[in-house]
Amino acid sequence: MARQTISPVYEDLRRFDANRLRRLVRTGAYEGHTGGLARGKLQVNVVILPRAFASDFHRFCVRNPKACSLVGLSRAGSPLIPALGDIDIRTDAPQYNVYRFGELTGQRTDIIDLWQDDFAAFAFGSSLTVEAALAEKGVKLRRIGCGKALPKFRTRIETCRAGPFGGQMIVSMRPVKFCDVDKVRALTARFPHAHGSPIHVGEPSIIGISDTTAPDWGDAVELVDGEVPVFWASSVTAQDVLARAKLAISVTVSPGHMLVTDVDARALHG
């Protein structure tokens, strides 16, 4: 059956629940970013790799929990992670990146024909999850813009290596009003499964970022008067170390195009 091509308006999607949103994604009716959608539900990044490397990759995640906030694992060969809901990880993210020997070779809206019986999938909580919780407490994050992804940067912070997996931590950045920084720290700390509290606030050069207007991933955002840059560990770290390991094949969710789950984000409070 041919996939649908008519895309709903983003503002309309903000009213959709997680299940309805996933149905649109599964049929190809929505291929965009997921920030601000399915309010209150956990959004996850997904990494898929051959089972032969799954043990080392799992060890890497355990050693680097801030960046790799693991919330679900699949059985080898299964495209399902029942703990996260009625989800098929081959179809239910709006966009996937496909890597061969560490090189990005394409982006797809599903990976059904690429699926292998020895694939294992890892799901990581996304910091996009906490936006609704912040809004409920009166912290209004400035929208980066419809259809844009948070800027992400490579830092000089080294991760703890496991087998072939290692490299620098990747962080996402949000502009936050100076008067809201303490509240943001406290609120996001309650979501350890969505990267928790920031790893750095203020001067980006301290963590090895020379220019916040030139992100390594995502879209640039300029600070305005009264704002400071706030940085969170990002699960793009897992994607980056996967690419560096140069496996014959691996698949990730494209940055900003998260898989929306049925899990109540508030149930994962630390």
Heavy-atom nearest pair, P204 first then P229, reads CD-CG, 4.5 Å
Would you call N64 and F60 a side-chain contact if the rule is heavy atoms closer than 4.5 Å? yes
Tell me if a side-chain donor or acceptor on H195 pairs with a main-chain N or O of W232 at a distance below 3.5 Å. no
Taking all non-hydrogen atoms of both residues, which atom of P151 and which atom of P215 are closest, and how far apart? CB-CB, 3.7 Å
Please check: side-chain N/O of S69 versus main-chain N/O of P65, any donor-acceptor pairing under 3.5 Å? no
Give the intermediate values and the outcome of side-chain contact (heavy atoms from CB on, under 4.5 Å) for residues L80 and R75. CA-CA 8 Å; L80 309 177; R75 291 186 175 185; over 6 Å; no
From CA spacing to verdict: side-chain contact (heavy atoms from CB on, under 4.5 Å), L242, L49: CA-CA 9 Å; L242 193 63; L49 70 166; 3.9 Å; yes
Going by an N to O cut-off under 4.0 Å, is there a salt bridge joining R26 and D92? yes
What's the separation between atom CZ in F122 and atom SG in C61, rounded to the nearest 0.5 Å? 6.0 Å
Same cluster or not: V241 versus V236, using hydrophobic residues (I, L, V, M, F, W, Y) connected whenever any side-chain heavy atoms lie under 4.5 Å apart? no
Quick one: closest heavy-atom pair of A123 and I81, and the distance? CB-CD1, 4.1 Å
For N97 and S254, test the side chains for any donor-to-acceptor distance below 3.5 angstrom and give the result as yes or no. yes
Between S78 and W115, which heavy-atom pair has the shortest distance, and what is it? O-CZ2, 3.4 Å
Within-4.5 Å side-chain heavy-atom neighbours: P198 and R185: yes
Would you say CG of D113 has more than 12 non-hydrogen atoms from neighbouring residues, nucleotides or ligands within 6.0 angstrom? yes
Does L247 offer a backbone N or O that forms a donor-acceptor pair with the side chain of S250 under 3.5 Å? no
Working for side-chain contact (heavy atoms from CB on, under 4.5 Å), residues R156 and I209: CA-CA 8 Å; R156 65 162 60 106; I209 299 170; over 6 Å; no
After noting the C-alpha distance and the side-chain angles of D110 and R90, does the key distance pass the side-chain contact (heavy atoms from CB on, under 4.5 Å) rule? CA-CA 6 Å; D110 72 68; R90 302 171 300 178; 5.9 Å; no
Write down the atom of P175, the atom of V221, and the distance for their closest heavy-atom approach. CG-CG2, 4.2 Å
Other residues, nucleotides, ligands: >12 heavy atoms within 6.0 Å of K177 NZ: no
Grouping I, L, V, M, F, W and Y whenever their side-chain heavy atoms are under 4.5 Å apart, do V263 and I87 come out in a common cluster? yes
Is I157 linked to M173 within one hydrophobic cluster, defined over Ile, Leu, Val, Met, Phe, Trp and Tyr using a side-chain heavy-atom separation of less than 4.5 Å? yes
So how far is it from D86 CG to L84 CG, rounded to the nearest 0.5 Å? 11.5 Å
Does any part of the side chain of V98, heavy atoms only, come nearer than 4.5 Å to the side chain of R108, both counted from C-beta? yes
Decide, yes or no, whether a salt bridge links D17 with K41 under the criterion of side-chain N to carboxylate O below 4.0 Å. no
Can a donor-acceptor pair be found between the side chains of E203 and S205 at a distance below 3.5 Å? yes
Who are the side chain to side chain donor-acceptor pair (under 3.5 Å) partners of D240, not counting sequence neighbours? R154, R244
Does S74 reach the main-chain N or O of A120 with its side chain, forming a donor-acceptor pair under 3.5 Å? no
E222 and T212, any side-chain heavy atoms less than 4.5 Å apart: no
Examine distances only and state if a side-chain atom of R22 and a backbone atom of V260 form a donor-acceptor pair shorter than 3.5 Å. yes
Any sub-3.5 Å donor-acceptor pair from Y96's side-chain atoms to V46's backbone N or O? no
Answer yes if the side chains of Q95 and E31 hold a donor-acceptor pair under 3.5 Å, and no otherwise. no
Roughly how far, to the nearest 0.5 Å, is the OG atom of S197 from the CZ atom of F191? 12.5 Å
Are the side chain of K152 and the backbone of L150 linked by a donor-acceptor contact shorter than 3.5 Å? yes
How about I48 and T252: do any of their side-chain heavy atoms sit closer than 4.5 Å? no
Whether the side chain of H257 engages the backbone of P255 through a donor-acceptor N/O pair (distance < 3.5 Å, no angle test) should be reported. yes
Hey, is the main chain of S234 close enough, under 3.5 Å, to the side chain of T237 for a donor-acceptor pair? yes
If I take atom CG from residue L37 and atom CZ from residue F16, how far apart are they, to the nearest 0.5 angstrom? 10.0 Å
Decide yes or no for L187 and V184: does some side-chain heavy atom of the first lie under 4.5 Å from some side-chain heavy atom of the second? no
Any chain of hydrophobic side-chain contacts (each under 4.5 Å) joining V62 to L70? no
If you measure only the distance, is there a donor-acceptor pair under 3.5 Å linking the side chains of T34 and Q43? yes
Can you find a pair of side-chain heavy atoms, one from F231 and one from I207, that are under 4.5 Å apart? yes
The reported gap from CD in Q168 to OG1 in T159 (rounded to nearest 0.5 angstrom) is 7.5 Å
Side-chain (Q239) to main-chain (V253) donor-acceptor, under 3.5 angstrom: yes
Between V251 and V71, is there a shared hydrophobic cluster once you connect ILVMFWY residues whose side-chain heavy atoms come closer than 4.5 Å? yes
For a quick test of reading the model, state the closest non-hydrogen atom pair linking F153 to W217 and the distance between them. C-CZ3, 4.3 Å
Say you draw a straight line from CG of L21 to CG of L13; how long is it, rounded to the nearest 0.5 Å? 6.0 Å
Sub-4.5 Å side-chain heavy-atom contact between V44 and L42: yes
